[in-house]
Protein chains: 2
Amino acid sequence: MATPSALDRTLSALADPTRRGVVDRLRQRPHPAGELAAAFDMSPPAMSRHLRVLRQTGLVEENIDADDARVRVYRLRPEPFAALRGWLDEVESFWEDQLGAFKAHAERTRGTKPPGGRKS
Amino acid sequence: MATPSALDRTLSALADPTRRGVVDRLRQRPHPAGELAAAFDMSPPAMSRHLRVLRQTGLVEENIDADDARVRVYRLRPEPFAALRGWLDEVESFWEDQLGAFKAHAERTRGTKPPGGRKS
DNA sequence: TTAATCATTCACCCATTCGTTAACGACTCT
DNA sequence: AGAGTCGTTAACGAATGGGTGAATGATTAA
């Protein structure tokens, strides 16, 4: 496949429960990698891989702790979320656009069995 | 695993380019399964599996065509998108909440390696 | 300098996922 | 009824993804 789009990578990253849990946790405050591994009861290598995925999609950024250069502190970045929102807005505009027509149409097609609209 | 959450399933479903392509295409109008398979140059069974995934997460609904009961017509459903938006709103509230403090903080921590701010 | 700590990458296993072809059930049409 | 069409499920191979423990690099502490 020809390099997945940014949206592909963002959605794939967020589809994993652990990674979405990390995102939720980072909403509170930045966290060191070790804390995250412990919080999710997971080996450091496993968490490191998750963090790399999140980093590669730009969902988080890594910083070296000022007081101890061994620890990497992770925090959220807004851009990919904004992009996801943009796509979601587009999709949802479907219902707004067609609201009037849709409502009228829904009246007639409610359920699985539409009324007789047409014939051969 | 303890049955993935609805959000897990929604995000996993949308992470696949083909399935997201189907969603984009269904924004225009409902489509029969066969049209979708052809549009993505994919065997009917493959598309059928994608459609099942989308159906199981509630992203699409299946209806029997009124004029030919062999064809299944697929259309978008709004609920899972609304749920996704709800989570996204929560996450993004992070920046709104902390906007003032964040901006001030960002002044001091901009970039990964601050120039000579502290120490020797 | 030597030992300990934080986090990464590496090599490997197991489970899931996406695609294919073949077979099947349901419906349409002559 | 019989042939043809639409879409599904079934069975299988290839690729992907997430987990582990071992080894590596970098930094701190004794």
Side-chain angles (χ1 to χ4, degrees), chain A residues 1-5 8-23 26 30-57 59-75 112-113 118-120, chain B residues 1-4 8-22 26 30-57 60-75 112-113 119-120:
Chain A
M1 71 186 155
T3 305
S5 76
D8 283 329
R9 285 179 293 119
T10 299
L11 286 163
S12 298
L14 294 176
D16 183 273
T18 299
R19 287 192 291 262
R20 212 171 55 260
V22 168
V23 167
L26 291 184
H31 283 267
E35 268 185 35
L36 292 171
F40 290 88
D41 195 38
M42 178 174 294
S43 68
M47 179 55 69
S48 186
R49 284 171 59 94
H50 284 302
L51 291 171
R52 177 169 56 179
V53 171
L54 291 170
R55 214 185 316 133
Q56 284 171 342
T57 73
L59 285 160
V60 305
E61 76 179 17
E62 180 192 81
N63 289 291
I64 308 289
D65 185 283
D67 298 328
D68 184 345
R70 290 172 301 178
V71 328
R72 320 282 181 93
V73 179
Y74 285 88
R75 72 180 60 201
T112 312
K113 189 70 186 73
R118 116 191 196 80
K119 305 190 146 79
S120 49
Chain B
M1 69 187 167
T3 306
D8 283 330
R9 285 181 291 118
T10 299
L11 286 163
S12 297
L14 294 176
D16 182 274
T18 299
R19 287 192 292 263
R20 213 171 54 258
V22 168
L26 291 183
H31 283 267
E35 269 186 33
L36 293 170
F40 290 88
D41 196 37
M42 178 174 294
S43 68
M47 179 54 71
S48 184
R49 287 175 61 90
H50 284 303
L51 290 171
R52 177 167 59 178
V53 171
L54 291 170
R55 213 186 316 132
Q56 285 171 341
T57 73
V60 305
E61 76 178 18
E62 178 192 82
N63 289 292
I64 308 289
D65 186 281
D67 298 327
D68 184 345
R70 289 172 301 177
V71 327
R72 320 280 182 93
V73 178
Y74 285 88
R75 72 179 60 202
T112 309
K113 190 62 189 78
K119 298 185 59 170
S120 56

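Within every chain, numbering begins at 1; the chains are lettered A, B, ... in the order of the sequence lines, protein sequences first and strands thereafter.
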Notebook entry, point to check: To the nearest 0.5 Å, what is the distance between CG (A/Leu54) and CD (A/Glu62)?
Noted result: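 If I round to the nearest 0.5 Å, the distance is 12.0 Å.
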
Rounding to a whole Å, what distance do you find between [X]:[atom1] and [N]:[atom2]?
X       : N      : atom1 : atom2 : result
B/Glu62 : D/dT8  : CD    : C1'   : 9 Å
B/Asp67 : D/dT5  : CG    : P     : 19 Å
A/Asp41 : D/dG19 : CG    : C1'   : 13 Å
B/Leu51 : D/dC6  : CG    : P     : 16 Å
A/His31 : C/dA7  : NE2   : C1'   : 17 Å
B/Asp65 : D/dT8  : CG    : P     : 13 Å
A/Arg72 : C/dT9  : CZ    : P     : 8 Å
A/Asp68 : D/dA26 : CG    : C1'   : 11 Å

Notebook entry, point to check: Nearest to the side chain of A/Ala33, which nucleotide is it out of D/dT8, D/dG7, C/dA7?
Noted result: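 Per side-chain heavy atoms of A/Ala33, the pick is C/dA7.
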
Notebook entry, point to check: Among D/dC6, C/dA7, C/dC18, which nucleotide sits nearest the side chain of B/Asp16?
Noted result: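 Of all the options, the side chain of B/Asp16 is nearest to C/dC18.
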
With sugar-phosphate meaning primed atoms plus P, OP1 and OP2, does [X] contact a base, only sugar-phosphate, or nothing at under 4.0 Å between heavy atoms?
X       : value
B/Met47 : nothing
B/Pro45 : base
B/Ala46 : base
B/Phe40 : nothing

Next item on the list: Test for a donor-acceptor pair under 3.5 Å between the base of D/dG18 and the side chain of A/Arg49, counting only N and O atoms.
Entry: yes

Next item on the list: Would you state whether a donor and an acceptor, one from the side chain of B/Arg70 and one from the base of C/dT28, lie under 3.5 Å apart?
Entry: no

Just N and O in the side chain of [X]: are any of them under 4.0 Å from OP1 or OP2 of [N]?
X       : N      : result
A/Tyr74 : C/dT8  : yes
B/Ser48 : D/dG7  : no
A/His50 : D/dG17 : no
B/Ser43 : C/dT20 : yes

Next item on the list: Go through the steps for A/Leu36 and A/Met42 under the test side-chain contact (heavy atoms from CB on, under 4.5 Å), then give the verdict.
Entry: CA-CA 8 Å; A/Leu36 292 171; A/Met42 178 174 294; over 6 Å; no

Could you tell me whether the side chain of [X] and the main chain of [Y] form a donor-acceptor pair under 3.5 Å?
X       : Y       : answer
B/Ser48 : B/Pro44 : no
A/Arg19 : A/Ala13 : yes
B/Arg20 : B/Leu14 : yes

Item checked: For the student: nearest non-hydrogen atoms of A/Val60 and A/Tyr74, plus distance -> CG2-CD2, 3.8 Å

Checklist line | Given DNA chain D, 5'-ward residue of the pair A/Ser12 and A/Ala69, judged by closest heavy atom | finding: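 Between the two, 5'-proximity favours A/Ser12.
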
